[in-house]
Structure formats: C-alpha cells, structure tokens
Amino acid sequence: MKDDVTNSIMDHLSKKADISPQEIMQVANAMQQANFSDENTVRNLVRKLGKIANRPVTKEKEDRIVELVTKKNQSMDANMLQQIFKK
C-alpha cells in the first residue's frame, strides 16, 4: 500500500512539475541530512530546488530564504517551501 501511494505521488509530481522521481529523492535525502544553520548548505539547497522546479530564484529571494531558515533555526518543510516559492 505504501509503495502504491509513493508511486502515485511520484507520478503526479513527474507529470505536473516535470520532476523525475530521482530528483525528488535526491532533494528529500539532501533535506534530511542538511544543516539548516549553515548558510552555504541552505543556499545550495534553494538553488537546487529552484532549478529542479524550473522556477527562477532571484538573489533577493534567495537571501530572504537563507535568512529566514538560518536565523530562525527553522527547517525547510514542504509547506514552508511552497509558501516561499509562491511569492
């Protein structure tokens, strides 16, 4: 059952956002192991997510995201990322 749900989510993301399951897993793994208090780690992750999502991230937006995550010691969960990239 869990594999069916995972495959369904992966298929949906692949079709909707043109993101491969491998890219999704790479980002998920990177987020699990990331040190969110390290500015360079957060910048690299933001750039990777922007590239994968085919959404340009301006320097100003990148700076804002990095500050939000590193200064407030918040982890980047899916809801937070969705709100950031909508702006």
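Residue indices begin at 1 and follow the sequence shown. Every heavy atom of this structure was used, including side-chain atoms; hydrogens, water molecules and symmetry mates were not.
Of the inter-residue distances, the one linking Leu68 atom CG with Asp63 atom CG reads 12.5 Å to the nearest 0.5 angstrom. Between the CG atom of Asn35 and the CG atom of Leu45 there is a distance of 11.5 Å, given to the nearest 0.5 Å.
Here the side chains of Thr70 and Asp38 are not in contact, with every heavy-atom distance at 4.5 Å or above. Between Phe36 and Thr41 there is no side-chain heavy-atom pair separated by less than 4.5 Å. In this structure, Glu39 and Arg43 have side chains that are in contact, with non-hydrogen atoms separated by less than 4.5 Å.
Using a cut-off of 4.0 Å between Lys/Arg side-chain N and Asp/Glu carboxylate O, Glu60 and Arg64 are scored as not salt-bridged.
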